[in-house]
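Each remark here refers to the structure printed beneath this line.
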Amino acid sequence: MITAGSRYVSLGSSFAAGPGIKPIVDKAASRSGRNYPQLVAEALGLELTDVTYSGATTAHLLRDRQDDAPPQIDAVGPDTALVTITAGGNDLEYIGTFIRGSMMNTLAKPATLLGRRVANRIRARVSYLKDPAEYDAVAASLAEVVNAVRERAPRSRVLLVDYLTVVGPSTRARLDVPLNEEQLPSIVMMADGLAKAFATAAETTGADLIAASAASQSHAVGSAEPWTTGFRFGPGRGVPYHPTAAGMTAVADLIVAKVR
């Protein structure tokens, strides 16, 4: 049972860490002091260990160091009562693809002026299509993270928290994001594949699923109340296609309601 004072460990990438949301409490990890783990801990009175790290893959959760940080799973111990997991997007280069594609289109004319070779280099770094096996691999890796948590903390409650929706029904190609009508559906396909990977991992392990993707469909970029940022090219414009403070609050509310 999770009660006030219980130990809570948060594992994950930038959609949990909250880059761009002030205050940033760990610059290397781009980790916010107002991300969903912090909000959940405050609401439930939990003792939080937040090792989320922007750019993390599932391998960084399980076995690989990230910069000077050890594998995130090392933070989980026998006294851990609650664990949240948000990762897998970087395994697919999901948001990275979205950002590079947006930058490519934004810079298309200047790049062409600089030369065809420059334009081709930008385009070569953008691949919108993923093999189905890549989504299966993410599901398997998420399940491996859940199982690793249970080995270290057999009595813990584990929540798989998927990604807030960035492109939804109200998101318009070219107007709300700098992708065209052929590119934008591919981003939606990647997001859907990632959400299904979370659902599969939850089903195979028995972990709880927090379907932030479904809850945020009407809060995508271009909506009246977006829970993620759009694309603004240039310095000081924030982190593109990542949760806003309102988005973090919404995810925290879903988690708190599930735990309670």
Side-chain angles (χ1 to χ4, degrees), residues 12-24 30-40 42-43 52 54 84 86 88-89 92 94-106 128 159-199 209-260:
S13 60
S14 57
F15 267 58
I21 301 174
K22 295 181 179 180
I24 297 298
S30 293
R31 186 186 306 133
S32 171
R34 302 302 296 168
N35 59 14
Y36 82 66
Q38 293 284 349
L39 300 177
V40 168
E42 289 178 11
T52 58
S54 296
T84 54
T86 300
L92 298 167
Y94 163 45
I95 297 299
T97 297
F98 200 176
I99 292 173
R100 288 194 296 273
S102 298
M103 186 174 293
M104 179 192 77
N105 289 355
T106 301
Y128 295 99
L159 276 62
L160 286 165
V161 185
D162 75 3
Y163 286 58
L164 286 168
T165 294
V166 182
V167 177
S170 60
T171 308
R172 300 167 297 176
R174 302 178 190 271
L175 297 176
D176 297 319
V177 295
L179 295 188
N180 63 37
E181 292 79 2
E182 290 73 37
Q183 295 164 334
L184 198 59
S186 298
I187 297 296
V188 175
M189 289 174 61
M190 292 178 68
D192 288 347
L194 181 58
K196 289 177 182 176
F198 271 84
L209 175 64
I210 304 297
S213 57
S216 56
Q217 282 290 316
S218 61
H219 294 278
V221 174
S223 66
E225 297 179 0
W227 287 349
T228 57
T229 58
F231 183 80
R232 297 290 182 273
F233 183 69
R237 298 292 187 126
V239 182
Y241 306 138
H242 275 74
T244 62
M248 283 297 184
T249 298
V251 175
D253 288 346
L254 291 172
I255 295 169
V256 170
K258 187 72 170 180
V259 172
R260 283 178 172 166

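Note: hydrogens, waters and symmetry copies are ignored here, and every other heavy atom, side chains too, is used.
Checking side-chain atoms of Thr244 against main-chain N and O of Trp227 turns up a donor-acceptor pair under 3.5 Å. Proximity of a side-chain donor or acceptor of Arg31 to a complementary backbone N or O of Thr52 within less than 3.5 Å is detected. In this structure, the side chain of Asp176 does not engage the main chain of Thr171 through any donor-acceptor pair within 3.5 Å. For the pair Thr165 (side chain) and Ala220 (backbone), a donor-acceptor distance under 3.5 Å is absent. A donor-acceptor pair under 3.5 Å links the side-chain atoms of Thr229 to the main chain of His242, judged by distance alone.
Interatomic distance, Tyr241 OH to Ile95 CD1, rounded to the nearest 0.5 Å: 9.0 Å. Separating the CZ atom in Phe15 from the CG atom in Leu164 is a distance of 6.5 Å, to the nearest 0.5 Å. From Glu225, atom CD reaches atom OG of Ser216 across 13.0 Å, with rounding to the nearest 0.5 Å. Taken to the nearest 0.5 Å, the OG1 atom of Thr86 stands 8.0 Å off from the CG atom of Asp162. With values rounded to the nearest 0.5 angstrom, Thr106 atom OG1 is found 11.5 Å from Ile99 atom CD1. To the nearest 0.5 angstrom, Arg34 atom CZ is 4.5 Å from Glu42 atom CD.
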Original post:
Please walk me through it: do Val256 and Arg260 pass side-chain contact (heavy atoms from CB on, under 4.5 Å)?
Top reply: CA-CA 6 Å; Val256 170; Arg260 283 178 172 166; 3.6 Å; yes
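Heavy atoms only, all atoms of each residue included: Gly222 and Ser170 are closest at C-OG, 3.9 Å. Nearest approach of Asn180 to Arg174, heavy atoms of both residues: CB-NH2, 3.3 Å. For the pair Ala16 and Met248, the tightest heavy-atom approach, listed with the atom from each and the gap, is O-CE, 3.6 Å.
Side-chain contact between Leu159 and Ile255 is present, with heavy atoms from C-beta onward closer than 4.5 Å. When side chains are defined from C-beta on, Ile187 does not count as touching Val166, because their heavy atoms never get closer than 4.5 Å. Counting heavy atoms from C-beta on, the side chains of Ile21 and Asn35 never come closer than 4.5 Å. Leu179 places a side-chain heavy atom less than 4.5 Å from the side chain of Phe98.
For CD of Glu182, the number of neighbouring non-hydrogen atoms (other residues, nucleotides, ligands) closer than 6.0 Å is greater than 12.
A side chain to side chain contact (heavy atoms under 4.5 Å, CB included) with Tyr163 is found for one member of Ser213, Ser14, Ser13 and no other, namely Ser13.
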